[in-house]
Structure formats: structure tokens, C-alpha cells
**Q** 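Sharing a structure below in C-alpha cells format, with a few things to ask.
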Amino acid sequence: MKKDPIRGWELPGGCVETNETIKETVIREVKEETGIEVEVIKFCGVSHEIKNSICNMWWLGTPIGGELQTSCESLEVGFFEVEEALLLIENEDFKHEVLHCLNCGVEPFYISF
């Protein structure tokens with residue numbers, strides 16, 4: 001996870017750049033925001049933030065290299081057990097999204113709020 005200067009603790013994320021696949025975006029954003037290189041394991045689902053007109057795609061990955069480091073988008077970075085991560089995350093919608101990603105029996109999911 002990373003601590004965003006505005007939103008607090010969350011998972012890395014961002015927008016797809018020109019000529020980039022979604023999986024490439026996931027790998028790049030995690031590396032840019034945490035210093036960790038990941039391998040994408042699977043697609044989990046989609047959340048739709050209706051009030052902000054945003055759709056988020058959720059993926060699971062596993063670390064394969066790199067070292068934890070901060071960036072202009074992350075004041076702090078770290079690995080946490082699920083219970084600790086949920087205590088750090090202040091946004092209730094985000095907690096809900098993380099739990100959906102970890103519930104292997106309901107994938108892929110679609111939620112809106």
C-alpha cells in the first residue's frame with residue numbers, strides 16, 4: 001500500500017497511457033508509486049464511482065522485485081496484513097473494494113457507489 005498525500009492509505013493506481021495495455025499500466029503504476037515490481041496474477045473486478053464518473057479496474061499481483069520507496073505520489077509505502085491495512089484505510093468505499101478483491105468466490109465483481 002501507499003499513503004497518498006491527499007487520500008491517505010490506498011493501493012497504487014493510475015491512468016492508462018497512450019499505447020499501453022491495462023496490465024502494463026498496473027505494473028508501471030505499482031513500480032512508480034512503491035518501487036515494487038509486480039507480476040499481474042488475475043483480474044478481480046470493476047468499481048464504478050458514480051458521483052466522480054470514474055471506473056476502477058482491480059487486479060491482484062505478486063511482488064517479483066524492487067525495493068519499497070516513496071515517490072511524489074506516496075508519502076509512505078509498505079506491506080501490511082489485511083487487518084492492519086483495513087485499519088489504515090480511511091475511505092470506507094476503498095475498504096469495501098479491497099475486501100471484494102480478496103474474496104475469491106465472487107470474482108469478477110462489479111460494484112457501484
Side-chain angles (χ1 to χ4, degrees):
M1 290 186 9
K2 63 138 185 166
K3 187 172 185 181
D4 183 86
I6 297 168
R7 295 180 300 272
W9 285 101
E10 63 183 10
L11 294 176
C15 296
V16 177
E17 294 182 353
T18 304
N19 296 318
E20 184 177 58
T21 69
I22 295 170
K23 282 187 178 182
E24 290 169 341
T25 300
V26 172
I27 294 165
R28 176 183 52 76
E29 287 289 347
V30 172
K31 176 73 172 172
E32 284 178 1
E33 296 179 7
T34 68
I36 299 298
E37 298 168 17
V38 296
E39 176 183 357
V40 175
I41 297 173
K42 67 179 175 174
F43 171 70
C44 296
V46 174
S47 62
H48 182 191
E49 296 178 36
I50 296 170
K51 63 185 174 219
N52 297 322
S53 299
I54 296 172
C55 286
N56 298 301
M57 299 181 75
W58 295 90
W59 301 79
L60 284 181
T62 189
I64 58 170
E67 292 184 24
L68 287 172
Q69 63 184 23
T70 59
S71 73
C72 62
E73 298 178 74
S74 54
L75 301 176
E76 298 177 54
V77 293
F79 289 104
F80 303 95
E81 295 292 328
V82 174
E83 296 79 19
E84 186 178 2
L86 293 174
L87 290 174
L88 290 171
I89 298 168
E90 295 177 13
N91 182 305
E92 291 300 318
D93 290 333
F94 188 62
K95 287 181 187 182
H96 190 65
E97 292 164 325
V98 169
L99 288 172
H100 268 20
C101 288
L102 298 174
N103 185 354
C104 297
V106 222
E107 293 172 3
F109 64 83
Y110 169 78
I111 54 175
S112 60
F113 49 91

**Q** Specify the closest pair of heavy atoms between Pro5 and Cys72, including all atoms of both residues, with the distance to one decimal.
**A** CG-O, 3.9 Å

**Q** What pair of heavy atoms forms the shortest contact from Pro108 to Gly45, and how long is it?
**A** CB-CA, 4.2 Å

**Q** Quick one, Glu67 and Ile36 - any side-chain contact, counting heavy atoms below 4.5 Å?
**A** no

**Q** So if you build clusters from Ile, Leu, Val, Met, Phe, Trp, Tyr with side-chain heavy-atom gaps below 4.5 Å, do Phe79 and Trp9 land together?
**A** no

**Q** Under a 4.0 Å N-O cut-off, is there an ion pair linking Glu24 with Arg28?
**A** no

**Q** So, using side chain to side chain donor-acceptor pair (under 3.5 Å) as the criterion, who are the partners of Asn52 when residues are at least two apart?
**A** Glu49

**Q** Report yes if the side chains of Phe109 and Asn103 come closer than 4.5 Å at any heavy-atom pair, otherwise no.
**A** no

**Q** For a 4.5 angstrom cut-off between non-hydrogen side-chain atoms, does Val82 reach Leu102?
**A** yes

**Q** Heavy atoms only: give me the nearest Lys95-Ile89 pair and the separation to one decimal.
**A** CE-O, 2.5 Å

**Q** Less than 4.5 Å apart, side chain to side chain, heavy atoms only: is that true for Thr62 and Val38?
**A** no

**Q** For the residue pair Glu97 and Ser47, confirm or rule out a side-chain donor-acceptor distance under 3.5 Å.
**A** yes

**Q** Using only heavy-atom distances, determine whether the side chains of Glu33 and Ser74 contain a donor-acceptor pair under 3.5 Å.
**A** no

**Q** Would you call Trp58 and Leu11 a side-chain contact if the rule is heavy atoms closer than 4.5 Å?
**A** yes

**Q** Are the charged groups of Lys2 and Glu10 less than 4.0 angstrom apart, N to O?
**A** yes

